[in-house]
Protein chains: 2
Amino acid sequence: MFNERGYDGTSMEDLARALGVTKSAIYHHVSGKTELLRQSLDLALDALFAVTREEGATSGPAADRLDHVLRGSVRVLVEELPHVTLLLRVRGNSEVEKHALERRREFDHHIAGLVREGIVDGDIRSDIDPAVASRLLFGMVNSIVEWYKPDRGLTAEEVADALSTITFRGMHS
Amino acid sequence: MFNERGYDGTSMEDLARALGVTKSAIYHHVSGKTELLRQSLDLALDALFAVTREEGATSGPAADRLDHVLRGSVRVLVEELPHVTLLLRVRGNSEVEKHALERRREFDHHIAGLVREGIVDGDIRSDIDPAVASRLLFGMVNSIVEWYKPDRGLTAEEVADALSTITFRGMHS
DNA sequence: GTCTATACATGGATAGAC
DNA sequence: GTCTATCCATGTATAGAC
């Protein structure tokens, strides 16, 4: 519901109605609306950071590690779609949101480092700015939450393949 | 302010305070909060559609027209940053938002057509789904609103060049 | 663990004076 | 064109019964 109507646009009353209980019942389980947000954001961030600790993301050439993290991010995005979607819409308007943005920046920094290493290795073209490239790359990855529907027969791997092909080899035939 | 704190997260009181007037003063000029939203969204959409009617977008090979629309979109995005940012955050939770989403879909459809034509022409690789490719492409373009700051010396053209290089020629050196 | 009832603040919006 | 004052709905959250 936070994703459909926005966090601010969703009231505890809306949530209660959807659950078939009253607002008070929800407050028995969580301290407030912000705790619901925190739990969701933490789940998404934990899953994304787990990718950066996987085998394929810690050994081998930087370009291959970058490809692994890109593909892994697409996988996590699809597996935890609602939580990652919520994470990507956070703007830092509360302490919980600021903390989530801080962790996201850490993730982005990791990616930019891989692009830079790939250029030094000679595997990635040197005529693009690593900072701009990594932002564009993850902009493309993250945009998937805007249109991906699990029930349309398109798998996470197919999307990851398309993305990897376009960004590493280019659309030109 | 709608972009900083979200449309729902911004009250007429917030706007009035920022303007140094009272809420009533604003209501003298506009019919309500939704009209402020509509005016901003219309400005962004009009600017984007104008790109698709430019010379470079209406004649020549489809791949070149696609490149023109991609670059033009980056230009519009930077020129009308607040309005396009707002447009890209709309989720369809009111009639005004639904109307804006409808026009965006029309734009996306236009892009997917160009990718499809480019494949037929043999200029764009045929091993990627045109629908997926066009979504990823514009996901990358649109993601620029998340980080672009006009005052950092990075021009719209430099960003457009980086984007065009990555998506058409690929990152691999 | 869920309910009813309610507190208290803030939301969008309007009336009418100046 | 802006103000003060106000309406009424809805927001988050709590108290206390069951």
Side-chain angles (χ1 to χ4, degrees), chain A residues 1-45 80 82-104, chain B residues 1-45 80-104 145:
Chain A
M1 290 190 77
F2 287 166
N3 286 330
E4 279 169 23
R5 311 142 89 108
Y7 176 74
D8 286 314
T10 307
S11 69
M12 293 300 268
E13 180 63 41
D14 291 332
L15 297 174
R17 201 180 310 116
L19 288 166
V21 296
T22 61
K23 287 187 284 182
S24 304
I26 300 179
Y27 279 101
H28 180 76
H29 297 276
V30 292
S31 66
K33 199 177 161 184
T34 56
E35 193 187 322
L36 294 173
L37 181 61
R38 174 170 34 239
Q39 287 188 17
S40 184
L41 297 181
D42 279 343
L43 193 153
L45 284 161
E80 307 293 353
H83 303 288
V84 178
T85 301
L86 193 56
L87 174 66
L88 295 175
R89 298 200 181 152
V90 149
R91 304 260 88 86
N93 295 311
S94 65
E95 280 313 308
V96 172
E97 296 192 8
K98 280 197 183 78
H99 181 245
L101 279 188
E102 189 53 47
R103 291 187 71 189
R104 263 189 70 186
Chain B
M1 290 189 78
F2 288 167
N3 286 330
E4 278 168 25
R5 312 143 91 109
Y7 176 74
D8 287 316
T10 306
S11 69
M12 292 300 270
E13 180 62 43
D14 291 332
L15 298 174
R17 202 180 309 117
L19 288 166
V21 296
T22 61
K23 285 190 284 182
S24 305
I26 300 179
Y27 278 101
H28 180 76
H29 298 276
V30 293
S31 67
K33 198 177 162 184
T34 56
E35 192 187 322
L36 294 172
L37 180 62
R38 175 173 30 239
Q39 287 188 18
S40 184
L41 298 180
D42 279 342
L43 193 154
L45 284 161
E80 307 294 351
L81 195 56
H83 303 287
V84 178
T85 302
L86 193 56
L87 174 66
L88 296 174
R89 297 199 180 152
V90 149
R91 306 260 85 89
N93 294 310
S94 65
E95 280 313 309
V96 172
E97 296 192 7
K98 280 197 183 79
H99 181 245
L101 279 188
E102 188 53 47
R103 290 187 71 188
R104 263 189 71 187
V145 303

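Residue numbering restarts at 1 for every chain, and letters A, B, ... go by the order of the sequence lines.
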- prompt: Rounded to whole angstrom units, what separation is found between the CG atom of B:Leu15 and the P atom of C:dA13?
  reply: 11 Å
- prompt: In whole Å, what is the span from the CE atom of B:Met1 to the P atom of C:dG11?
  reply: 11 Å
- request: Measure the spacing between CZ of B:Arg91 and OH of B:Tyr7 and express it to the nearest 0.5 Å.
  value: 15.5 Å
- prompt: To the nearest Å, how far apart are A:Met12 CE and D:dA9 P?
  reply: 23 Å
task: Mark yes or no for whether B:Arg89, through its side chain, and B:Gly6, through its backbone, hold a donor-acceptor pair below 3.5 Å.
output: no
Nearest-Å distance for atom pair OH/C1', residues B:Tyr27 and D:dC7: 13 Å
Can you give each donor-acceptor pair under 3.5 Å made by side-chain atoms of residues 12-25 of chain B, sequence neighbours left out, with the distance rounded to 0.1 Å?
| from | atom 1 | to | atom 2 | distance (Å) |
| --- | --- | --- | --- | --- |
| B:Asp14 | OD2 | B:Ser11 | N | 3.0 |
| B:Asp14 | OD2 | B:Ser11 | OG | 3.2 |

message: Please report the distance, rounded to the nearest Å, between CG in A:Leu36 and C1' in D:dA13.
response: 13 Å
Provide a list of protein-nucleic acid N or O atom pairs under 3.5 angstrom, restricted to nucleotides 2-6 of chain C.
| from | atom 1 | to | atom 2 | distance (Å) |
| --- | --- | --- | --- | --- |
| C:dT2 | OP2 | A:His29 | NE2 | 2.8 |
| C:dC3 | OP2 | A:Thr22 | N | 2.6 |
| C:dC3 | OP2 | A:Thr22 | OG1 | 2.8 |
| C:dT4 | O4 | A:Ser24 | OG | 2.6 |

task: Mind checking A:Thr10 for me? I need base, sugar-phosphate or nothing, with any heavy atom below 4.0 Å counting as a touch.
output: sugar-phosphate
task: Report the residues that fulfil side chain to side chain contact (heavy atoms under 4.5 Å, CB included) with B:Arg38, sequence neighbours left out, ordered by chain and then residue number.
output: B:Glu35, B:Asp42, B:Val96
- request: Rounded off to whole Å, could you give me the CZ-to-C1' distance for the B:Arg17 and C:dG11 pair?
  value: 13 Å
- prompt: What is the distance, rounded to the nearest whole Å, between atom NZ of A:Lys33 and atom P of D:dT10?
  reply: 15 Å
- line: B:Arg5 atom CZ is separated from C:dG11 atom P, nearest whole Å, by 10 Å
field: Spacing of A:Leu45 atom CG and A:Glu102 atom CD [to the nearest 0.5 Å]
entry: 11.0 Å
- request: First locate atom CG of A:Leu36, then atom CD of A:Gln39, and finally report the distance between them rounded to the nearest 0.5 Å.
  value: 6.5 Å
